[in-house]
Amino acid sequence: MNLKSDNLAKSQELKNQIATLQHKKQQLQNETQRRASWEQRKARTKRLIETGALAEKYFEMEDFTIEQREKIFQTFSEFVKNKIHKR
């Protein structure tokens with residue numbers, strides 16, 4: 001009987017270890033996803049800041065409202081898209 005109870009105890013211990021490892025694996029996957037998402041947001045923010053800085057530099061639009069800026073971008077949008085697609 002002692003051997004059977006030892007095997008049951010070892011089996012339960014292994015199941016607990018498996019459950020713990022699966023939980024840790026899930027935590028690591030979640031952390032990896034959060035980190036990747038954070039990196040993507042960081043890269044997008046950097047791109048937006050750089051693009052805004054270039055727009056202000058070349059169009060001198062520091063004092064424009066958001067509506068005025070949008071009108072300028074709409075005006076040049078098709079031209080830029082066509083130039084990019086022709087490359």
Exercise. Has Arg44 got more than 12 heavy atoms of other residues, nucleotides or ligands less than 6.0 Å from its CZ?
Worked result: no
Exercise. Looking at Glu39 and Arg35, does any basic side-chain N land under 4.0 Å from a carboxylate oxygen?
Worked result: no
For this session: Inspect the contact between Glu31 and Arg34 and indicate whether a charged nitrogen and a carboxylate oxygen are less than 4.0 angstrom apart.
Result: yes
Inter-residue atom distance [X].[atom1] - [Y].[atom2], 0.5 Å rounding:
| X | Y | atom1 | atom2 | value |
| --- | --- | --- | --- | --- |
| Asp6 | Glu13 | CG | CD | 12.5 Å |
| Thr20 | Lys24 | OG1 | NZ | 7.0 Å |
| Leu28 | His23 | CG | NE2 | 10.0 Å |
| Gln12 | Gln17 | CD | CD | 11.0 Å |
| Lys42 | Ser37 | NZ | OG | 13.5 Å |
| Leu21 | Asn16 | CG | CG | 11.0 Å |

Exercise. Judged by modelled atom types alone, do Asn82 and Glu78 share a side-chain donor-acceptor pair under 3.5 Å?
Worked result: no
Exercise. Any luck finding a side-chain donor-acceptor pair between Thr51 and Arg47 under 3.5 Å?
Worked result: no
For this session: Heavy atoms only: give me the nearest Ile72-Met61 pair and the separation to one decimal.
Result: CD1-CE, 3.7 Å
Problem set entry | For Lys71 against Thr75, the heavy-atom pair lying closest together | O-OG1, 2.7 Å
Problem set entry | Inter- and intrachain pairs under salt bridge (Lys or Arg N to Asp or Glu O under 4.0 Å), touching residues 48-62, at least two apart | Lys46-Glu50
Problem set entry | The single option from Gln68, Gln74, Glu67 passing side chain to side chain contact (heavy atoms under 4.5 Å, CB included) against Glu70 | Gln74
Exercise. Can you find a pair of side-chain heavy atoms, one from Gln26 and one from Asn30, that are under 4.5 Å apart?
Worked result: yes
